[in-house]
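I have placed the structure first, in the form of structure tokens, so that the comments after it can refer back to it.
Proteins get letters first, then strands, A, B, ... in listed order; numbering begins at 1 in each.
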2 protein chains.
Amino acid sequence: MTVDERRAWEIVLAHIENDLLLGRLKPGDRLPGERVLATDLGVGRSSVREAIRVLEVLGLVRTNVGSGPTAGAIIVALPGGGMSALMRLQVAAQGFPVADIVKTRLVLETAVAAELAEAVLSAALLRPDRQHPDRQDPDLGRCAQLLDAMDAPGLTEDEFLALDAAFHLSLAEACGNQVVIATMAGLRTAIEGYVRAGVGRLASWPDTSARLRAEHRGILAAIEAADPAGAHGLVHAHISGYYAETRLAPEQNRTHNG
Amino acid sequence: MTVDERRAWEIVLAHIENDLLLGRLKPGDRLPGERVLATDLGVGRSSVREAIRVLEVLGLVRTNVGSGPTAGAIIVALPGGGMSALMRLQVAAQGFPVADIVKTRLVLETAVAAELAEAVLSAALLRPDRQHPDRQDPDLGRCAQLLDAMDAPGLTEDEFLALDAAFHLSLAEACGNQVVIATMAGLRTAIEGYVRAGVGRLASWPDTSARLRAEHRGILAAIEAADPAGAHGLVHAHISGYYAETRLAPEQNRTHNG
DNA sequence: GCCGACTATGTGGTCTGACCACACAGCCTA
DNA sequence: TAGGCTGTGTGGTCAGACCACATAGTCGGC
């Protein structure tokens, strides 16, 4: 007769997490109905709802009303939205300084670019013999596609920024690391408002936009040229330069406790 | 007469986020009571509770029952818990492959070590003139303290792993980047179960533990010796070596789509 | 026989009201 | 004055009800 000191919604959350770990629930599966879950676990429906709400915000489930096979809470495991919400709110609550967001993005994206270039290099070296089927060129098609879209005349600032965000995210996606993809998406979302505000502090938007596009081309070229160090440096200059220009991050030189 | 298509709990969440962004709510402040918030926003108390539950899991508020100044929902902005929950559940739901968690940790922690070493270097170079008061030695005291604790005889495996996790986290804390701190905590939490299981696959725990301790000392020494490249390499070898040994991450060589 | 409209059913979304345990603040008694 | 006692407000929980919605099945007209 030990009492469960956890709150009711924590019981529900732990139960679902356990089902996930045991493989009883997989992406695409449907959760039992809220009323069923409530009676099964001996808690109220509102407690079940609180747990499902958490899962929804964290990007684990998607809820649909109505009837049929698509209704109910479905496991999706899309971490991007959850990471974005987490970081956005933490920035709002002053738990994440904007400067730390920028610096983390710098670290991750330079690493991504370098890794992509190394992947290109490996693929080129090993192409003659087909003994390494897992070594293949990363898919940079979408990256180039987005760069082409950014060259379209008459783009508004917001459209350009959206394409810019998509390009940077597409680099992470080409790399294939789900954690980095979600984190990069979250980092970008968290400072999206600040990025927009920063555009207003630019001396000349056309000049900056042209420079950004040229830098993007350079980054992609360095990756395709299998130049890890070059790609790393270009991404570093691209990101830190832009944030310095918009005065988003106070001092880019400070590498510690900044 | 425009209808608000958002769900009720999203209205509450957006309202609180807006208050945070406008500075009407800061860390340490108390949220209005659930009943007050419900009537003010024209929603039911259960919807308010769902929103607060989300904020709690994301690490933005801490709730306390009872009366007095410590009761109610208080803004705390502690992202570690939220990041841990997010990553742990995403691993459980197969949204985050364990290999990606490990690789991301590798990228972040090598960058942290290199940055710490650079900070030591900068502090040493600029120590003669006091013109750069923001350039100071990172606080590595806690790191060394944890290493000493890991040398204590008779430590159980779990105790050792806990100290190991604390040491790696203390490096990030010395670096001061809140985003990296929270992310590292989350990454570690997400694979904690796998790390424990991996210990059982080791040939000899005493040997491995001794090697890990030595590697820790080496990393800290490289940082204190202001050797960024050395610190980077030692951390890389330390992490990838351990995960390879425990067969946690299948192939450390694969740098792309692995 | 075929196709449309209609209805039954089950889902999440929401609100309301009620009760509990808890913690503090103030009172009240010894 | 010191101790316990009670009032009050907090979050935590549950139960019940209703809604909008989407599907699946039925029934009707053609």
Side-chain angles (χ1 to χ4, degrees), chain A residues 1-16 19 25 28-76 78 81 85, chain B residues 1-16 19 25 28-76 78 81 85:
Chain A
M1 285 294 290
T2 61
V3 292
D4 197 336
E5 298 179 5
R6 291 178 301 179
R7 287 176 284 184
W9 66 271
E10 290 180 300
I11 297 175
V12 180
L13 203 55
H15 180 261
I16 296 175
D19 276 3
L25 284 176
D29 288 354
R30 286 180 49 189
L31 255 58
E34 296 177 352
R35 295 164 179 85
V36 176
L37 220 38
T39 57
D40 283 1
L41 298 178
V43 300
R45 192 185 159 207
S46 52
S47 298
V48 173
R49 284 185 58 73
E50 289 183 18
I52 292 182
R53 191 67 52 233
V54 168
L55 291 175
E56 181 179 347
V57 171
L58 293 184
L60 270 94
V61 305
R62 180 175 52 85
T63 59
N64 299 94
V65 295
S67 173
T70 69
I74 301 180
I75 311 280
V76 290
L78 298 175
Chain B
M1 283 297 290
T2 63
V3 292
D4 198 335
E5 296 179 5
R6 292 178 300 180
R7 287 175 285 183
W9 65 271
E10 291 179 302
I11 296 175
V12 180
L13 203 54
H15 180 262
I16 296 176
D19 275 2
L25 285 176
D29 288 355
R30 285 179 51 187
L31 255 60
E34 295 177 353
R35 294 163 179 87
V36 176
L37 219 39
T39 57
D40 283 1
L41 297 178
V43 300
R45 191 185 159 206
S46 52
S47 298
V48 172
R49 284 185 57 75
E50 290 183 18
I52 292 182
R53 192 65 54 236
V54 168
L55 292 175
E56 181 178 347
V57 171
L58 293 184
L60 270 93
V61 304
R62 180 175 51 85
T63 59
N64 298 94
V65 294
S67 173
T70 69
I74 301 181
I75 311 282
V76 291
L78 298 174

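Taking only side-chain nitrogens and oxygens, A:S67 never comes nearer than 4.0 Å to OP1 or OP2 of D:dC21. Taking side-chain N and O atoms only, A:R53 has a distance below 4.0 Å to OP1 or OP2 of C:dG13. Listed pair A:R49 / C:dG12 fails the phosphate criterion, with no side-chain N or O lying under 4.0 Å from OP1 or OP2. Using a 4.0 Å cut-off, some side-chain N or O of A:S47 falls inside it from OP1 or OP2 of D:dC14. Residue B:T63 has no polar side-chain atom (N or O) positioned under 4.0 Å from OP1 or OP2 of D:dT10.
Of the candidate nucleotides C:dG13, C:dT14, D:dT13, C:dG13 has the atom lying nearest to any side-chain atom of A:E34. Looking at the side chain of B:R30, the nearest of the listed nucleotides C:dT11, C:dC15, D:dT10 is D:dT10. The side chain of B:V65 approaches D:dT10 more closely than any other nucleotide in the set D:dA24, D:dC14, D:dT10.
Between B:R53 and B:E50, none of the side-chain N atoms (NZ, or NE/NH1/NH2) sits under 4.0 Å from a carboxylate O, so this pair counts as no salt bridge.
Protein atom CD of A:E50 is 13 Å distant from nucleotide atom P of C:dG13, rounded to whole Å. In this structure, A:E56 atom CD and C:dT14 atom C1' are separated by 14 Å, rounded to whole Å. Atom CD1 in A:I52 sits about 13 Å away from atom P in C:dT14, given to the nearest Å. Between the P atom of C:dC20 and the CZ atom of A:R7 lies a distance of 21 Å, rounded to the nearest Å. When rounded to the nearest whole Å, the span between CG of A:N64 and P of C:dG13 equals 9 Å. In this structure, B:E5 places its CD atom 17 Å from C1' of C:dT14, rounding to the nearest Å. We find that CG of B:L37 is positioned 12 Å from P of D:dT10, with the value rounded to whole Å. Straight-line distance from the CZ atom of B:R35 to the P atom of C:dC15: 16 Å, rounded to whole Å.
Side-chain contact between A:L31 and A:I75: present, with at least one pair of heavy atoms (C-beta onward) separated by less than 4.5 Å. Contact check for B:I16 versus B:V61: no side-chain heavy atoms found under the 4.5 Å cut-off. Side-chain contact check for A:E56 versus B:W9: some heavy-atom pair is nearer than 4.5 Å. Within the 4.5 Å cutoff, side-chain heavy atoms of A:T63 are placed close to those of B:R7.
Where B:P69 and B:R6 meet DNA chain C, the nucleotide closest to each residue was compared, and B:R6 sits on the side nearer the 5' end. Both A:E10 and A:G68 sit near DNA chain D, but only A:E10 has its closest nucleotide nearer the 5' end.
Residue-level contact check: B:A71 touches neither bases nor backbone, having no heavy atom under 4.0 Å from any strand. Base contact: A:G66 has a heavy atom under 4.0 Å from a base atom.
Donor-acceptor pairing under 3.5 Å, judged by distance alone, is present between the side chain of B:R45 and the base of D:dT13.
For B:R35 (side chain) and B:R45 (main-chain N/O), no donor-acceptor pair under 3.5 Å exists by modelled atom type.
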